[in-house]
There are 2 protein chains.
Amino acid sequence: MTIRKLFEPNSVAVVGASRDSDKLGHKILKNLVEADFEGKIYPVNPKADEILGLKCYPSLEEAPKKTQLAVIAVPAKLVPSVLEECSENNVSNAIVISGGFSEVGEEGEELERETMEVAEEMGIRILGPNCQGINNTSTGLCASWPFIDQEGPISIVAQSGTVGAAIETWAQDENIGISKFAMLGNKADIDEADLIDYLADDDDTGVIALYLEGVEKGRKFLEAAKRAAEEKPVVVLKGGRTRRGAEAVKSHTQSLAGEYKIFKSACKQAGLIQVNSIGELYDVCKGLAALSEPENKDTVIISSSGGAGILAVDASEGLDVNLIDLPEKSVERLEEALPAECILNNPLDLTGSATAEMYDETIKILARYKDIRNIVVIVGDPIPGIADVIKERFERVTMVPVMLGLGEEGAEEEEELKDSGIPVFSDPERAMKALGAL
Amino acid sequence: MTIRKLFEPNSVAVVGASRDSDKLGHKILKNLVEADFEGKIYPVNPKADEILGLKCYPSLEEAPKKTQLAVIAVPAKLVPSVLEECSENNVSNAIVISGGFSEVGEEGEELERETMEVAEEMGIRILGPNCQGINNTSTGLCASWPFIDQEGPISIVAQSGTVGAAIETWAQDENIGISKFAMLGNKADIDEADLIDYLADDDDTGVIALYLEGVEKGRKFLEAAKRAAEEKPVVVLKGGRTRRGAEAVKSHTQSLAGEYKIFKSACKQAGLIQVNSIGELYDVCKGLAALSEPENKDTVIISSSGGAGILAVDASEGLDVNLIDLPEKSVERLEEALPAECILNNPLDLTGSATAEMYDETIKILARYKDIRNIVVIVGDPIPGIADVIKERFERVTMVPVMLGLGEEGAEEEEELKDSGIPVFSDPERAMKALGAL
């Protein structure tokens, strides 16, 4: 049974919608309204006539028959009966936000089993329980929190709401944006493989970011991941890579973290990109989302800072980045165009007296050579006009901008780039990792 | 001969002071004025009577006799004659900002030799040439750029202006601040060892950050570094760790990067803390600067996010951090104080329903146990009041706050912490690295 209506419903009911702004049933409704969800929203609450200006229904049964997705945020015990009401309705997918299921022990496990029996009987696919919902920015379906409405190519599947939300928030802050966001919760029904399958075929998704703690159905996951990785980059961060981390995983999501070595080598075979921290997960996805795909890995580093250029070179060791020697003819042209103090190597050091014009000339000359497909542009000093230079040539080659602790003086140029959706990296190492993963 | 007056002059002459705001001779003068340098400032420029409201002298010779430090930003060829004028004066130290010396080839090498001969004759110690000056925030001696005036315990010695400036700027932005900042330039006289020696004895310096590309006098460096490391933490980032990076070092600072393996093991023996990126250099220095020194490495992680807690555990592998089991008695007390859904392990998961009160109770209970000297506080959701909780107990144990992509909702609490000089880390991995280096 498809999960398409989970992400693309025409209408959504929020069961447990609340007037109390501290409650999740309120937050989710508010986010749907503020994200301007393009379908119908039906709040369900027997004690209210209206919430946030929307007509409220006493029960899901009484909500309009065309409800396609139910977001459920009522006490755990009431969830099975809510699902039963779905039979009267068109609901094909439900997100169970409520906690109090298998994550809290035996009694919860029993309730989760019961809930899933009802869901199966009703023919409803379930995300959760105990999850942070989903988001689809292209339709304003922010059935989740925090409030995120910036569209972009990153889609996130995570076994931790916070890890997923951090990626969402950084992507929103930097104008990179996200496409879809799904929190797994207890994975009583829909699991990472189902979601990866959907995202593999989703045209709006350019890169899939995964945070996983444990994978129960290994073969199903790897098949889905492999198929997805053939379509688009899939980046995975595993929680519980260490013995002690694996113990913590067991407490957190009752998942078996498994042997990391085995997971790692299986992911490699499936063609996934593996990262080791949240920061790296974001950096790599940001690069994949916002940098153009290079034809090859031949790379030149341009810098106004010799030191930062050297650190970029050091950081490229072991990465899939090929630092080439400058083509002889380009050196001749660069010699004519640039002041004598510039060091015409790779890294190409424009020195502290670099100007936007010097960057422009350099990039113009280098971009002519077919050998040079990637240019890392390190800006180590506040350089007025540098944003325009980068913007103008951003599409021609794969350009990776790095702006290094420029403070207020550099903030304006950085903002200008971000406003255009151009990713800026704050240190050369992070930029090289992103480039290496392209 | 001492270099004390380099950092602690009563008066400073800016030779080559300029009215043109694009010139370094203007920027430096402006920064000295704006940082409110507490001694006298003498601009030297034969073509101006006054710059930035200060009386201008036609030559260094005609400047008041009590000049102790000369900052020289005139064309390279004029530098020797400027130094000759120092004989008429009290100048004991000079900073040669001007480029055009050994970094530009044979002719420059000759000029540098000549310059150093004059300096020796005049009994003047030289920083540079071709350097970005120095800063001493405690006296407002910002004889450098960018403008940095936030006092703090980090002192920086760097062979790249940009790398040093990035650390300064981040430390200013986050209210951590710096004490001293010195750019090495061509190291014709004063080298890293001289500066480390001075900083080892400097009471305002709590941690020394080094960015080095090549060290010519290995033994002198290691002796100074070892002595300094006995007094305070010394953190080093080496540029040119790889073969290709070492080649770039040669072009940049004419330094021999040397075998990194040898450098690494020598630094280890000398007791230095070694890092591998600018970001890590900053994170580790920030932690050393602003976190209290723990009695031991016994650590508990508290988190509102199970996932982020697990990633912190994974990140601690291989670091000098000891994740302990919660003391049995503390578990009893925590059970009484916290809702049933909390997971009382290490990481201690307060779950997504965590409140500031729950953090407060938890920290209060844990801090009673002598076994627990370090608490990593991960805030994975916007939690009103959390800044006050962290501030109140920040001095009692070593507390490492992590705030993870909270966006606007969390920004206020984060600002409140930063305003109090409390360091906040943006991801668990970076925080654990900082803790490991304490």
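A note on names: the letters A, B, ... follow the listed sequences, proteins ahead of strands, and every chain is numbered from 1.
Between the side chains of B/Asp349 and B/Ser303, no donor-acceptor pair of N or O atoms lies under 3.5 Å. Side chain to side chain, A/Glu168 and A/Tyr282 fail the donor-acceptor criterion of an N or O pair below 3.5 Å.
Ranked by heavy-atom pairs under 4.5 Å with chain B, the first of A/Val104, A/Ile310, A/Leu237, A/Thr169 is A/Ile310. When the candidates A/Asp381, A/Asp427, A/Leu311 are compared by the number of heavy-atom contacts under 4.5 Å with chain B, A/Leu311 comes out ahead. Of all the listed residues (B/Ile148, B/Ile278, B/Val163), the one sharing the greatest number of non-hydrogen pairs under 4.5 Å with chain A is B/Ile278. No other option in B/Leu24, B/Asp173, B/Leu323 has as many heavy-atom pairs under 4.5 Å with chain A as B/Leu323.
Contact record, A/Ile97 with A/Ala73: CB-CB, 4.2 Å, taken as the closest heavy-atom pair. Residues A/Pro146 and A/Ala165 come closest through the heavy atom pair CD-CB, 3.6 Å. Taking each heavy atom of B/Arg241 and B/Asn276 in turn, the nearest pair found is NH2-O, 3.0 Å.
Atom CD1 of A/Ile156 sits about 6.0 Å away from atom CD1 of A/Ile167, to the nearest 0.5 Å.
With a 4.5 angstrom heavy-atom cutoff, A/Ile343 touches chain B only via side-chain atoms. Interface residue A/Tyr211: only side-chain heavy atoms are found under 4.5 Å from chain B. Only the side chain of A/Pro428 comes within less than 4.5 Å of a heavy atom of chain B; its backbone N, CA, C and O stay farther away. Neither the backbone nor the side chain of A/Gln159 has a heavy atom closer than 4.5 Å to any heavy atom of chain B. With a threshold of 4.5 angstrom between heavy atoms, A/Leu406 approaches chain B through N, CA, C or O but not through any side-chain atom. Of the atoms belonging to B/Leu404, heavy atoms from both backbone and side chain fall under 4.5 Å from chain A. For B/Asp314, the parts sitting under 4.5 Å from any heavy atom of chain A are the backbone and the side chain alike.
Figure legend: cation-pi geometry between A/Lys433 and A/Phe425 absent, as NZ or CZ is not positioned both under 6.0 Å from the six-membered ring centre and within 45° of its axis.
A side-chain donor-acceptor contact under 3.5 Å links B/Gln172 to the backbone of B/Gln150.
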